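Since we're looking at a predicted model, the values are computed, not measured. Along the sequence shown, the residues carry numbers beginning at 1.
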Amino acid sequence: MNRPELADFLRRARARLDPSDVGLTAGARRRTPGLRREEVAQLAGMSVDYYTRLEQSRGPRPSRQMLTALARALRLTEDERDHLFHLTGEEPPRREATSTHVRPGLLLVLDRLHDTPAMVVTDCGEVLAQNALSRALSGDVLARPPRERNMIRRFFLDPATQELFPPEDRPERAREQVAGLRAVASARPTDLEPASLVAELCAASKEFADLWDEHEVAVRRAATKRFRHPAIGILELDCEILVTSDHNQQLVIHTARPGTESYERLRLLRVVGLQDLTPTSS
(Lines give C-alpha, C1' and ligand atoms only; values in the text may rest on other atoms or scores of the structure.)
Protein backbone atom coordinates (compact mmCIF):
# COMPACT_ATOMS: atom_id res chain seq x y z
CA MET A 1 0.00 0.00 0.00
CA ASN A 2 1.48 3.34 -1.09
CA ARG A 3 0.33 5.55 1.80
CA PRO A 4 2.00 8.83 0.68
CA GLU A 5 0.60 8.57 -2.85
CA LEU A 6 -2.83 7.59 -1.53
CA ALA A 7 -2.87 10.54 0.86
CA ASP A 8 -1.88 12.98 -1.90
CA PHE A 9 -4.48 11.58 -4.30
CA LEU A 10 -7.26 11.83 -1.71
CA ARG A 11 -6.35 15.40 -0.79
CA ARG A 12 -6.30 16.52 -4.42
CA ALA A 13 -9.57 14.76 -5.24
CA ARG A 14 -11.23 16.37 -2.22
CA ALA A 15 -9.87 19.84 -3.05
CA ARG A 16 -11.31 19.90 -6.56
CA LEU A 17 -14.89 19.34 -5.36
CA ASP A 18 -17.21 22.16 -4.37
CA PRO A 19 -19.94 21.38 -1.81
CA SER A 20 -22.57 22.09 -4.49
CA ASP A 21 -20.99 19.35 -6.62
CA VAL A 22 -22.15 16.73 -4.12
CA GLY A 23 -25.46 18.26 -3.07
CA LEU A 24 -24.21 20.05 0.07
CA THR A 25 -24.54 23.68 1.05
CA ALA A 26 -21.34 25.66 1.49
CA GLY A 27 -22.30 27.01 4.92
CA ALA A 28 -19.80 29.34 6.60
CA ARG A 29 -16.91 30.84 4.66
CA ARG A 30 -14.20 28.28 3.92
CA ARG A 31 -10.53 28.91 4.41
CA THR A 32 -9.49 26.45 1.70
CA PRO A 33 -11.16 25.23 -1.50
CA GLY A 34 -12.90 21.90 -1.77
CA LEU A 35 -14.81 19.67 0.60
CA ARG A 36 -13.97 19.30 4.25
CA ARG A 37 -12.70 15.98 5.51
CA GLU A 38 -15.84 15.42 7.54
CA GLU A 39 -17.97 15.92 4.44
CA VAL A 40 -16.05 13.27 2.49
CA ALA A 41 -16.31 10.94 5.46
CA GLN A 42 -20.05 11.55 5.66
CA LEU A 43 -20.53 10.87 1.94
CA ALA A 44 -18.46 7.69 2.15
CA GLY A 45 -20.11 6.43 5.34
CA MET A 46 -16.88 6.28 7.34
CA SER A 47 -15.57 7.97 10.49
CA VAL A 48 -13.85 11.34 10.19
CA ASP A 49 -10.90 10.01 12.19
CA TYR A 50 -10.38 7.10 9.80
CA TYR A 51 -10.50 9.33 6.71
CA THR A 52 -8.17 11.86 8.34
CA ARG A 53 -5.62 9.14 9.01
CA LEU A 54 -5.75 8.11 5.35
CA GLU A 55 -4.96 11.67 4.29
CA GLN A 56 -2.12 11.78 6.82
CA SER A 57 -0.45 8.62 5.43
CA ARG A 58 -1.04 6.66 8.61
CA GLY A 59 -4.32 4.83 8.11
CA PRO A 60 -4.78 1.06 7.74
CA ARG A 61 -5.53 -0.40 4.33
CA PRO A 62 -9.17 0.34 3.39
CA SER A 63 -11.43 -2.55 2.48
CA ARG A 64 -12.67 -2.95 -1.09
CA GLN A 65 -16.10 -1.83 0.08
CA MET A 66 -14.61 1.32 1.59
CA LEU A 67 -12.60 2.06 -1.56
CA THR A 68 -15.77 1.84 -3.63
CA ALA A 69 -17.52 4.23 -1.21
CA LEU A 70 -14.60 6.67 -1.41
CA ALA A 71 -14.63 6.56 -5.21
CA ARG A 72 -18.30 7.55 -5.23
CA ALA A 73 -17.90 10.19 -2.53
CA LEU A 74 -15.05 11.84 -4.44
CA ARG A 75 -16.83 11.50 -7.81
CA LEU A 76 -13.95 9.57 -9.38
CA THR A 77 -14.01 8.37 -12.97
CA GLU A 78 -13.48 4.65 -13.60
CA ASP A 79 -9.80 5.28 -14.38
CA GLU A 80 -9.39 7.25 -11.15
CA ARG A 81 -11.24 4.57 -9.19
CA ASP A 82 -8.87 1.92 -10.58
CA HIS A 83 -5.91 4.12 -9.59
CA LEU A 84 -7.32 4.37 -6.06
CA PHE A 85 -7.48 0.57 -5.84
CA HIS A 86 -3.94 0.20 -7.18
CA LEU A 87 -2.56 2.63 -4.58
CA THR A 88 -3.83 0.34 -1.83
CA GLY A 89 -2.53 -2.81 -3.46
CA GLU A 90 -5.99 -4.00 -4.46
CA GLU A 91 -7.08 -5.29 -7.84
CA PRO A 92 -9.69 -2.91 -9.33
CA PRO A 93 -13.19 -4.28 -10.01
CA ARG A 94 -13.57 -5.84 -13.42
CA ARG A 95 -15.14 -3.58 -16.02
CA GLU A 96 -18.23 -5.50 -17.04
CA ALA A 97 -21.37 -4.61 -18.94
CA THR A 98 -23.16 -4.47 -15.58
CA SER A 99 -20.64 -2.17 -13.90
CA THR A 100 -21.67 -0.83 -10.51
CA HIS A 101 -19.51 2.28 -10.94
CA VAL A 102 -21.68 5.37 -11.31
CA ARG A 103 -20.29 7.96 -13.71
CA PRO A 104 -19.48 11.34 -12.11
CA GLY A 105 -21.87 13.08 -14.51
CA LEU A 106 -24.78 10.94 -13.35
CA LEU A 107 -23.84 11.57 -9.72
CA LEU A 108 -23.77 15.29 -10.47
CA VAL A 109 -27.36 15.10 -11.75
CA LEU A 110 -28.34 13.14 -8.63
CA ASP A 111 -26.79 15.75 -6.34
CA ARG A 112 -28.64 18.58 -8.11
CA LEU A 113 -31.97 16.97 -7.20
CA HIS A 114 -31.86 18.34 -3.67
CA ASP A 115 -35.62 18.82 -3.24
CA THR A 116 -36.86 15.41 -4.38
CA PRO A 117 -35.89 11.81 -3.51
CA ALA A 118 -33.67 10.21 -6.16
CA MET A 119 -31.30 7.27 -6.44
CA VAL A 120 -29.24 5.32 -8.96
CA VAL A 121 -29.94 1.59 -9.22
CA THR A 122 -28.92 -1.23 -11.52
CA ASP A 123 -31.52 -2.94 -13.67
CA CYS A 124 -31.43 -5.80 -11.13
CA GLY A 125 -32.40 -3.47 -8.29
CA GLU A 126 -28.98 -2.88 -6.69
CA VAL A 127 -28.85 0.59 -5.10
CA LEU A 128 -25.64 2.37 -6.14
CA ALA A 129 -26.24 5.92 -4.91
CA GLN A 130 -28.87 7.98 -3.06
CA ASN A 131 -29.34 11.66 -2.48
CA ALA A 132 -30.09 12.97 1.00
CA LEU A 133 -33.87 13.10 0.56
CA SER A 134 -33.96 9.52 -0.68
CA ARG A 135 -32.18 8.45 2.50
CA ALA A 136 -34.69 10.45 4.54
CA LEU A 137 -37.61 8.77 2.77
CA SER A 138 -36.53 5.12 2.72
CA GLY A 139 -33.38 4.86 4.81
CA ASP A 140 -29.68 4.83 4.03
CA VAL A 141 -29.39 1.73 1.87
CA LEU A 142 -25.65 2.11 1.29
CA ALA A 143 -25.04 1.94 5.04
CA ARG A 144 -26.24 -1.67 4.93
CA PRO A 145 -24.03 -4.68 4.13
CA PRO A 146 -23.64 -5.24 0.35
CA ARG A 147 -26.12 -8.13 0.22
CA GLU A 148 -28.83 -5.93 1.74
CA ARG A 149 -28.67 -3.19 -0.90
CA ASN A 150 -30.83 -4.88 -3.50
CA MET A 151 -34.35 -3.39 -3.56
CA ILE A 152 -35.99 -6.56 -4.85
CA ARG A 153 -34.31 -8.83 -2.31
CA ARG A 154 -35.16 -6.41 0.48
CA PHE A 155 -38.80 -6.13 -0.61
CA PHE A 156 -39.39 -9.88 -0.33
CA LEU A 157 -37.05 -10.79 2.54
CA ASP A 158 -36.97 -7.72 4.79
CA PRO A 159 -40.19 -6.95 6.72
CA ALA A 160 -38.96 -3.42 7.51
CA THR A 161 -38.74 -2.64 3.80
CA GLN A 162 -42.26 -3.90 3.22
CA GLU A 163 -43.43 -1.44 5.87
CA LEU A 164 -42.41 1.41 3.54
CA PHE A 165 -45.58 0.74 1.55
CA PRO A 166 -49.22 0.78 2.70
CA PRO A 167 -50.45 -2.83 3.19
CA GLU A 168 -53.09 -2.52 0.46
CA ASP A 169 -50.42 -1.48 -2.06
CA ARG A 170 -47.93 -4.25 -1.36
CA PRO A 171 -49.43 -6.96 -3.64
CA GLU A 172 -49.19 -4.65 -6.65
CA ARG A 173 -45.67 -3.54 -5.71
CA ALA A 174 -44.63 -7.21 -5.41
CA ARG A 175 -46.08 -8.03 -8.82
CA GLU A 176 -44.21 -5.10 -10.37
CA GLN A 177 -40.92 -6.18 -8.82
CA VAL A 178 -41.21 -9.74 -10.14
CA ALA A 179 -42.37 -8.71 -13.61
CA GLY A 180 -39.49 -6.24 -13.90
CA LEU A 181 -36.91 -8.81 -12.84
CA ARG A 182 -38.26 -11.29 -15.39
CA ALA A 183 -37.78 -8.68 -18.13
CA VAL A 184 -34.14 -8.24 -17.06
CA ALA A 185 -33.49 -11.99 -16.80
CA SER A 186 -35.00 -12.51 -20.26
CA ALA A 187 -32.90 -9.74 -21.80
CA ARG A 188 -29.69 -11.14 -20.23
CA PRO A 189 -30.07 -14.93 -20.51
CA THR A 190 -26.34 -15.68 -20.08
CA ASP A 191 -25.81 -13.32 -17.14
CA LEU A 192 -25.55 -15.03 -13.76
CA GLU A 193 -26.62 -11.98 -11.72
CA PRO A 194 -30.38 -11.95 -12.49
CA ALA A 195 -30.51 -15.76 -12.66
CA SER A 196 -28.90 -16.09 -9.23
CA LEU A 197 -31.25 -13.51 -7.72
CA VAL A 198 -34.28 -15.31 -9.13
CA ALA A 199 -33.08 -18.67 -7.79
CA GLU A 200 -32.40 -17.22 -4.34
CA LEU A 201 -35.79 -15.52 -4.06
CA CYS A 202 -37.72 -18.51 -5.38
CA ALA A 203 -36.14 -20.61 -2.61
CA ALA A 204 -36.53 -18.02 0.15
CA SER A 205 -39.93 -16.42 -0.60
CA LYS A 206 -43.11 -18.31 -1.43
CA GLU A 207 -44.71 -15.03 -2.48
CA PHE A 208 -41.95 -14.42 -5.01
CA ALA A 209 -42.03 -18.03 -6.26
CA ASP A 210 -45.81 -17.93 -6.78
CA LEU A 211 -45.58 -14.65 -8.70
CA TRP A 212 -42.65 -15.92 -10.76
CA ASP A 213 -44.73 -18.92 -11.83
CA GLU A 214 -47.35 -16.54 -13.26
CA HIS A 215 -44.79 -15.48 -15.92
CA GLU A 216 -45.74 -11.81 -16.00
CA VAL A 217 -43.19 -9.50 -17.61
CA ALA A 218 -42.99 -5.69 -17.61
CA VAL A 219 -40.13 -3.23 -18.04
CA ARG A 220 -39.99 -0.69 -15.21
CA ARG A 221 -41.52 2.60 -16.34
CA ALA A 222 -43.08 5.69 -14.84
CA ALA A 223 -45.67 5.03 -12.13
CA THR A 224 -47.36 6.56 -9.10
CA LYS A 225 -46.43 5.00 -5.76
CA ARG A 226 -47.38 5.56 -2.15
CA PHE A 227 -44.80 5.48 0.64
CA ARG A 228 -45.27 5.31 4.41
CA HIS A 229 -42.99 7.44 6.56
CA PRO A 230 -43.19 7.01 10.36
CA ALA A 231 -43.02 10.76 11.03
CA ILE A 232 -44.60 12.28 7.91
CA GLY A 233 -47.32 9.80 6.99
CA ILE A 234 -48.39 8.69 3.50
CA LEU A 235 -46.73 10.31 0.49
CA GLU A 236 -48.09 9.72 -3.00
CA LEU A 237 -45.20 10.26 -5.40
CA ASP A 238 -44.77 10.06 -9.15
CA CYS A 239 -41.85 7.83 -10.09
CA GLU A 240 -39.84 8.66 -13.21
CA ILE A 241 -37.07 6.36 -14.45
CA LEU A 242 -34.24 7.60 -16.65
CA VAL A 243 -31.91 4.93 -18.04
CA THR A 244 -28.28 5.12 -19.12
CA SER A 245 -27.34 4.46 -22.73
CA ASP A 246 -26.48 0.83 -21.97
CA HIS A 247 -29.76 0.40 -20.00
CA ASN A 248 -27.91 -1.18 -17.06
CA GLN A 249 -28.30 1.74 -14.63
CA GLN A 250 -31.38 3.81 -13.83
CA LEU A 251 -31.88 7.20 -12.23
CA VAL A 252 -35.10 6.85 -10.24
CA ILE A 253 -36.76 10.15 -9.29
CA HIS A 254 -39.80 10.56 -7.02
CA THR A 255 -41.76 13.81 -7.22
CA ALA A 256 -44.94 15.12 -5.64
CA ARG A 257 -47.47 17.15 -7.59
CA PRO A 258 -47.57 20.81 -6.48
CA GLY A 259 -50.64 21.76 -4.50
CA THR A 260 -51.18 18.27 -3.08
CA GLU A 261 -50.89 17.11 0.51
CA SER A 262 -47.99 14.89 -0.52
CA TYR A 263 -46.16 17.94 -1.88
CA GLU A 264 -46.38 19.65 1.50
CA ARG A 265 -45.35 16.47 3.30
CA LEU A 266 -42.32 16.10 1.04
CA ARG A 267 -41.32 19.68 1.90
CA LEU A 268 -41.70 18.80 5.57
CA LEU A 269 -39.60 15.66 5.09
CA ARG A 270 -36.83 17.77 3.65
CA VAL A 271 -36.76 19.81 6.86
CA VAL A 272 -37.30 17.02 9.39
CA GLY A 273 -35.38 14.26 7.66
CA LEU A 274 -32.28 16.23 6.71
CA GLN A 275 -31.58 17.98 10.00
CA ASP A 276 -28.75 15.61 10.95
CA LEU A 277 -27.31 15.71 7.41
CA THR A 278 -26.50 19.42 7.46
CA PRO A 279 -22.71 19.90 7.28
CA THR A 280 -21.09 21.50 10.29
CA SER A 281 -19.10 24.68 9.91
CA SER A 282 -15.48 25.00 10.92
Side-chain angles (χ1 to χ4, degrees), residues 45 63-69 71-72 78 85 90-102 106 119-130 134 138-223 225 227 239 241-252:
S63 66
R64 296 180 64 84
Q65 179 182 341
M66 189 58 68
L67 290 172
T68 299
R72 288 177 183 156
E78 280 193 289
F85 272 74
E90 290 283 351
E91 186 67 23
R94 289 188 302 168
R95 299 195 183 192
E96 303 171 339
T98 55
S99 172
T100 59
H101 181 74
V102 185
L106 187 55
M119 59 183 175
V120 178
V121 301
T122 68
D123 55 356
C124 279
E126 201 78 19
V127 178
L128 303 179
Q130 293 176 279
S134 173
S138 54
D140 189 348
V141 179
L142 296 180
R144 292 170 170 261
R147 275 189 52 82
E148 297 179 17
R149 298 175 187 174
N150 185 283
M151 297 192 324
I152 305 174
R153 179 186 287 114
R154 289 178 58 208
F155 183 90
F156 287 98
L157 302 185
D158 179 22
T161 298
Q162 296 175 11
E163 291 298 317
L164 291 174
F165 305 97
E168 60 271 25
D169 294 357
R170 291 175 200 162
E172 183 61 26
R173 297 286 82 80
R175 191 172 295 276
E176 290 174 355
Q177 298 274 16
V178 176
L181 182 56
R182 183 176 286 279
V184 174
S186 176
R188 292 158 51 187
T190 61
D191 194 328
L192 293 178
E193 182 184 5
S196 297
L197 183 58
V198 169
E200 175 192 352
L201 291 176
C202 280
S205 169
K206 184 178 185 302
E207 180 185 19
F208 180 92
D210 290 344
L211 290 171
W212 188 259
D213 287 342
E214 294 184 16
H215 210 114
E216 292 188 16
V217 58
V219 176
R220 293 184 67 201
R221 293 190 175 89
K225 298 181 180 181
F227 293 83
C239 174
I241 299 175
L242 309 178
V243 299
T244 57
S245 57
D246 57 13
H247 293 268
N248 287 331
Q249 293 184 2
Q250 304 169 346
L251 176 61
V252 182

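No side-chain heavy atom of E216 sits less than 4.5 Å from a side-chain heavy atom of R182. Looking at heavy atoms from C-beta onward, M119 lies out of side-chain contact with S138 at the 4.5 angstrom threshold.
For E168, the side chain to side chain donor-acceptor pair (under 3.5 Å) partners two or more places apart in sequence, or in a different chain, are R226. For R170, the salt bridge (charged side-chain N to carboxylate O under 4.0 Å, His left out) partners two or more places apart in sequence, or in a different chain, are E163. Residues satisfying the salt bridge (charged side-chain N to carboxylate O under 4.0 Å, His left out) criterion with R153, sequence neighbours excluded, are E200. Partners of Q177 by side chain to side chain donor-acceptor pair (under 3.5 Å), not counting sequence neighbours: none found. In terms of the ring-ring contact (aromatic ring centres under 6.0 Å, His included) criterion, residue partners of F165 (sequence neighbours excluded) are, by chain and number, F155, F227. Taking the side-chain contact (heavy atoms from CB on, under 4.5 Å) definition, one finds that Q65 meets it with S63, P146, R149, sequence neighbours left out. Shown here are the side chain to side chain donor-acceptor pair (under 3.5 Å) partners of E214, two or more places apart in sequence or in another chain: R175. Residues forming a side-chain contact (heavy atoms from CB on, under 4.5 Å) with L106 (at least two apart in sequence, or on another chain): V102, V120, T244, Q249, L251. Applying the side-chain contact (heavy atoms from CB on, under 4.5 Å) criterion to E148, with sequence neighbours excluded, gives R144, P145. The salt bridge (charged side-chain N to carboxylate O under 4.0 Å, His left out) check on E176 picks up R173, with sequence neighbours excluded. Residues that satisfy the side-chain contact (heavy atoms from CB on, under 4.5 Å) test with S205, not counting sequence neighbours, are F156, L157, E207, F208.
Across all non-hydrogen atoms, the minimal contact from T122 to Q250 is O-OE1, 4.3 Å. Closest approach of V127 and L142 over heavy atoms only: O-CD2, 3.4 Å. In terms of heavy-atom proximity, P194 sits nearest to C124 at CB-SG, 3.8 Å. Summarising the geometry of V121 relative to M151, their closest heavy-atom pair is CG1-SD, 4.1 Å, with the distance given to 0.1 Å. Of all heavy-atom pairs between D158 and T161, the closest is OD2-OG1, 2.7 Å.
Residue pairs satisfying the ring pair (Phe, Tyr, Trp, His ring centres under 6.0 Å) criterion with at least one member in residues 167-190, sequence neighbours excluded, are absent.
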Step by step, work out the side chain to side chain contact (heavy atoms under 4.5 Å, CB included) result for R72 and L128.
CA-CA 9 Å; R72 288 177 183 156; L128 303 179; 3.6 Å; yes
